[in-house]
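All of these numbers come straight from a predicted model, not from anything done at the bench. Below, chains carry the letters A, B, ... as their sequence lines are ordered, and counting in each starts from 1.
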Amino acid sequence: MGRGRACWLMKSEPGVFSIENLQAARNQTAGWDGVRNYQARNFLRDDVKPGDRVLFYHSSVVPPGIAGEAVVVREGYPDPTAWNPEHAQYDPNGSPENPIWYMVDVRFVRSCRFIPLDRLRQIPELKNMVLLRRGTRLSVQPVTAGEWRAIRGLPEWANAEIQAAGTDR
DNA sequence: GCCAACGTTGGC
DNA sequence: GCCAACGTTGGC
């Protein structure tokens with residue numbers, strides 16, 4: 001018991017799935033599927049729990065950055081896209097009986113005014129953030145409580161409460 | 001277990 | 001589109 005709510009940062013290419021897509025989804029909830037990296041998989045399978053907060057990061061766009069916040073609503077379970085030959089992330093090595101890849105479900109919480117990567121780099125409290133470490137490519141990564149506080153304290157989140165309330169369901 | 005070759009990520 | 005940095009694969 002009692003580990004509290006952990007914080008994560010999850011990357012998505014907005015052309016594939018953006019925070020707007022999450023907000024527009026049924027119940028503002030969607031599966032975080034398609035992850036095909038073992039370290040990220042281990043987080044999804046073992047460590048990401050319902051109630052955990054998620055920073056929704058838009059990658060492979062100019063500029064990249066944090067677009068908002070989500071919350072985990074379902075813990076890790078086998079990712080069915082892995083054994084769907086039609087799917088871009090199909091992996092013939094797994095099966096429903098022997099799943100390799102895992103996913104979680106997340107729900108939209110709020111958007112923020114976009115926080116570009118460049119700006120994150122300038123924040124002293126984020127100096128050691130996994131995202132900012134050279135060569136890091138992890139698409140699911142832990143965020144410390146201090147990092148979370150520093151990011152959530154930025155003015156980009158102003159009015160986000162109102163926005164979140166206004167977009168409820 | 002080593003490591004070269006190849007594939008992928010993702011900022012720029 | 002480029003390319004640095006990683007991750008994975010597979011021969012040995």
For this session: Tell me, please, which residues at least two apart from A/F114 pass ring pair (Phe, Tyr, Trp, His ring centres under 6.0 Å).
Result: none
Problem set entry | Contacts of A/D46 that satisfy side-chain contact (heavy atoms from CB on, under 4.5 Å) - sequence neighbours left out | A/N42
Exercise. What pairs meet the side-chain hydrogen bond (donor to acceptor under 3.5 Å, both in side chains) rule with one or both residues in residues 114-131 of chain A, with sequence neighbours excluded?
Worked result: A/R119-A/E156
For this session: Heavy atoms of chain A, cut-off under 4.0 Å: which first and last nucleotide of DNA chain B, 5' to 3', fall inside that, if you could look?
Result: B/dG7 to B/dC12
Exercise. Which residues in residues 127-135 of chain A have at least one heavy atom lying under 4.0 Å from any atom of DNA chain C?
Worked result: A/R134, A/G135
Problem set entry | Connected-component partners of A/Y77 among ILVMFWY, side-chain separation under 4.5 Å | A/M103
For this session: Mind checking side-chain contact (heavy atoms from CB on, under 4.5 Å) for A/T81 and listing every partner two or more places apart, or none if nothing turns up?
Result: A/D33, A/R36, A/D79, A/H87
Exercise. Which pairs pass side-chain hydrogen bond (donor to acceptor under 3.5 Å, both in side chains) with one or both residues in residues 137-149 of chain A, sequence neighbours excluded?
Worked result: A/T144-A/E147
For this session: Under the salt bridge (Lys or Arg N to Asp or Glu O under 4.0 Å) rule, collect the residues that match up with A/D91, sequence neighbours excluded.
Result: none
